[in-house]
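Right, one structure below, let's go through it.
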Amino acid sequence: QVQLVESGGGSVQAGGSLRLSCAASGYTYSSYCMAWFRQAPGKEREGVAAIDSDGFTIYADSVKGRFTISQDNAKNTLYLQMNSLKPEDTAMYYCAAEWLGVCVLSPMGFFGYWGQGTQVTVSS
């Protein structure tokens, strides 16, 4: 089984930066796609960014140009560099992985493994 653990969340002022990490532990297979999702209070969970096994990336329009997703396969770690943060970025951020050969942010049901999340709070 695969365990995903996020870290790096915290509180930051608008315009600041954070770097989130997602470490995979236990027995793991190389995933086809890994992604970041987020959920703010009272809102539905939404896709943020994804990266496939070839390094191809996709981003939600709301974060394009500000966030960068990357991975280190040797370390089984996924990253999300978040720059120019806005209050509307405040949410619980989750990492996820899938092995079905699909790398899209919607529908999120393709992702079979999820972490517990890390909180990001951006103040104005």
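Treat the numbers as computed from the prediction; the structure is a model and nothing was measured.
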task: Would you check if Glu6 and Tyr93 make a side-chain contact, meaning some heavy-atom pair closer than 4.5 Å?
output: no
- request: Measure across Glu98 and Phe110 and return the closest heavy-atom pair with its distance rounded to 0.1 Å.
  value: CB-O, 3.2 Å
message: With rounding to the nearest 0.5 angstrom, report the OG to CZ distance, Ser84 to Arg66.
response: 7.0 Å
query: Can you check whether Gly9's main-chain N or O pairs, donor with acceptor, with Thr118's side chain at less than 3.5 Å?
result: yes
query: How long is the span from the SG atom in Cys103 to the CE atom in Met34, to the nearest 0.5 Å?
result: 10.5 Å
message: Tell me if a side-chain donor or acceptor on Ser62 pairs with a main-chain N or O of Ala60 at a distance below 3.5 Å.
response: no
message: Nearest 0.5 Å, please: how far is OG in Ser21 from CG in Leu78?
response: 8.5 Å
message: Please give me the minimum heavy-atom distance between Ala50 and Ala35, naming the atom from each residue.
response: CB-CB, 3.7 Å
Gln81/Ser17 under side-chain contact (heavy atoms from CB on, under 4.5 Å): CA gap, chis, key distance, verdict: CA-CA 8 Å; Gln81 179 66 46; Ser17 299; 4.0 Å; yes
query: When rounded to the nearest 0.5 angstrom, what is the spacing between CH2 in Trp114 and CG in Leu4?
result: 10.0 Å
- request: Say whether, by atom type as modelled, one donor and one acceptor occur between the side chain of Thr90 and the main chain of Val122 under 3.5 angstrom.
  value: yes
field: Val12 side chain reached by Thr121 side chain, heavy atoms, under 4.5 Å
entry: no
task: May I ask you to say whether Lys64 pairs ionically with Asp61, meaning some side-chain N is under 4.0 Å from a carboxylate O?
output: yes
- prompt: Does NZ or CZ of Arg38 lie under 6.0 Å from the centre of the six-membered ring of Tyr94, at an angle within 45° of the ring axis?
  reply: no
message: With heavy-atom distances below 4.5 Å as the criterion, would you say the side chains of Tyr79 and Asp72 are in contact?
response: yes
- prompt: Going by heavy atoms in the side chains, are Leu20 and Phe67 under 4.5 Å from each other?
  reply: no
task: Considering non-hydrogen atoms only, spot the tightest contact between Gln13 and Ser124 and give its length.
output: OE1-C, 4.2 Å
message: Would you compute the distance between atom CD1 of Ile69 and atom CE of Met82 and round it to the nearest 0.5 angstrom?
response: 12.0 Å
- request: Classify the ring geometry between Tyr113 and Trp99 as parallel (under 30°), tilted (30 to 60°) or perpendicular (over 60°).
  value: perpendicular
- prompt: Does one hydrophobic cluster hold both Leu85 and Trp36, with members joined at side-chain heavy-atom distances below 4.5 Å?
  reply: yes
- prompt: Any side-chain heavy atom of Val48 sitting closer than 4.5 Å to one from Tyr59?
  reply: no
- request: Please indicate whether Gln119 has more than 12 foreign heavy atoms, meaning atoms of other residues, nucleotides or ligands, lying under 6.0 Å from its CD.
  value: yes
- request: Could you tell me how the ring of Phe37 sits relative to the ring of Phe111: parallel (under 30°), tilted (30 to 60°) or perpendicular (over 60°)?
  value: perpendicular
field: Whether Asp54 side chain and Phe56 backbone form a donor-acceptor pair below 3.5 Å
entry: no
- prompt: At what distance, to the nearest 0.5 angstrom, does CG of Leu105 lie from SG of Cys33?
  reply: 7.5 Å
